[in-house]
Amino acid sequence: MFEDGFRFALPILRAAYGFRGGAHQSRGEFEPAIDDYSAQIELTPNDPKAHGARSKAHADKQDEVATLADQQKAIELTRQPDDGGLRAPR
């Protein structure tokens with residue numbers, strides 16, 4: 001029963017963390033943005049958009065190492081055929 005409710009709430013939670021992360025980032029609050037994007041990634045680790053968004057927050061914070069790590073992960077996930085959706089056109 002609980003799993004069904006969580007499965008239903010998962011897209012809502014994922015979107016909420018993404019939107020809130022974007023709001024923090026637009027105000028220059030990079031640490032809270034990164035925290036929210038990290039929570040989004042914890043819920044859906046194979047989402048390349050979430051890794052891309054966190055990469056941008058790291059870039060805005062001028063953390064090159066973390067930026068590159070998230071960019072590489074987003075690219076890797078985009079190339080996987082079983083990533084649950086988003087793939088680069090071939």
Side-chain angles (χ1 to χ4, degrees):
M1 176 83 113
F2 175 75
E3 289 178 10
D4 290 337
F6 184 73
R7 195 172 308 124
F8 174 75
L10 184 63
I12 296 167
L13 288 172
R14 181 183 62 208
Y17 281 120
F19 287 133
R20 191 170 71 175
H24 283 303
Q25 191 170 350
S26 70
R27 291 190 304 260
E29 301 167 352
F30 305 125
E31 281 300 324
I34 291 166
D35 290 344
D36 281 341
Y37 294 138
S38 294
Q40 184 182 27
I41 290 168
E42 189 173 320
L43 291 171
T44 52
N46 293 332
D47 181 0
K49 285 188 172 186
H51 287 277
R54 189 171 68 178
S55 172
K56 175 72 170 95
H58 282 303
D60 289 344
K61 188 181 164 197
Q62 298 182 354
D63 183 345
E64 293 88 7
V65 173
T67 299
L68 290 175
D70 273 335
Q71 286 176 349
Q72 288 173 337
K73 185 65 175 178
I75 291 167
E76 173 189 320
L77 290 171
T78 303
R79 292 184 178 164
Q80 289 181 1
D82 61 343
D83 67 359
L86 304 172
R87 291 190 289 272
R90 297 190 193 258

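Everything numeric in this text was worked out from a predicted model, so none of it was measured.
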*List in chain and number order the residues that pass side chain to side chain contact (heavy atoms under 4.5 Å, CB included) with Gln72, two or more places apart in sequence or in another chain; answer none if no residue qualifies.*
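None.
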*Partners passing side chain to side chain contact (heavy atoms under 4.5 Å, CB included) against Pro32 (at least two apart in sequence or in another chain)*: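 Side chain to side chain contact (heavy atoms under 4.5 Å, CB included) list for Pro32, sorted by chain: His24, Glu29.
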*Atom pair CG (Leu77) and CG (Asp47), whose distance is rounded to the nearest 0.5 Å*: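 Leu77 CG to Asp47 CG: 8.0 Å, rounded to 0.5 Å.
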*How far apart are the closest heavy atoms of Asn46 and Pro48, and which atoms are they?*
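Looking at all heavy atoms of both residues, the shortest contact is O-CD, 3.1 Å.
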*Only counting residues at least two apart or in another chain, list the ones meeting salt bridge (Lys or Arg N to Asp or Glu O under 4.0 Å) with Glu42.*
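In terms of salt bridge (Lys or Arg N to Asp or Glu O under 4.0 Å), with neighbours along the sequence ignored, Glu42 is linked to no residue.
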*Applying salt bridge (Lys or Arg N to Asp or Glu O under 4.0 Å), name anything that partners Asp60, two or more places apart in sequence or on another chain.*
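For Asp60, the residues satisfying salt bridge (Lys or Arg N to Asp or Glu O under 4.0 Å) (neighbours in sequence not counted) are Lys56.
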Side-chain donor-acceptor contacts of residues 9-22 below 3.5 Å, not counting sequence neighbours, with atom names and distances?
unit_1	atom_1	unit_2	atom_2	d
Arg20	NE	Asp36	OD1	3.3
Arg20	NE	Asp36	OD2	2.8
Arg20	NH2	Asp36	OD1	2.7

*Just by modelled atom types, is the Pro45 backbone N or O under 3.5 Å from a matching donor or acceptor in the His51 side chain?*
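Yes; at least one donor-acceptor contact below 3.5 Å.
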_Contacts of type side-chain hydrogen bond (donor to acceptor under 3.5 Å, both in side chains), residue Glu31, not counting sequence neighbours_ =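 For Glu31 the side-chain hydrogen bond (donor to acceptor under 3.5 Å, both in side chains) partners, ignoring immediate neighbours, are Lys61.
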*Using the test side chain to side chain contact (heavy atoms under 4.5 Å, CB included), find all partners of Ala69 that sit at least two apart in sequence or belong to another chain.*
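None.
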*With rounding to the nearest 0.5 Å, note down the distance linking CZ in Arg54 to CD in Gln25.*
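Those atoms lie 12.0 Å apart.
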*Any chance you could measure Leu43, atom CG, to Ser38, atom OG, to the nearest 0.5 Å?*
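Here the interatomic distance stands at 11.0 Å.
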*Nearest 0.5 Å, what's the CG-CD1 distance between Asp70 and Ile75?*
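These two atoms lie 11.0 Å from each other.
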_Least distance between heavy atoms, Ile41 atom then Ala50 atom_ =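 Distance-wise, the nearest heavy atoms are CG1-CB, 3.6 Å.
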*asked:* Using the side chain to side chain contact (heavy atoms under 4.5 Å, CB included) criterion, which residues pair with Ala53? Sequence neighbours excluded.
replied: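 Ala53 satisfies side chain to side chain contact (heavy atoms under 4.5 Å, CB included) with Tyr37 once adjacent residues are dropped.
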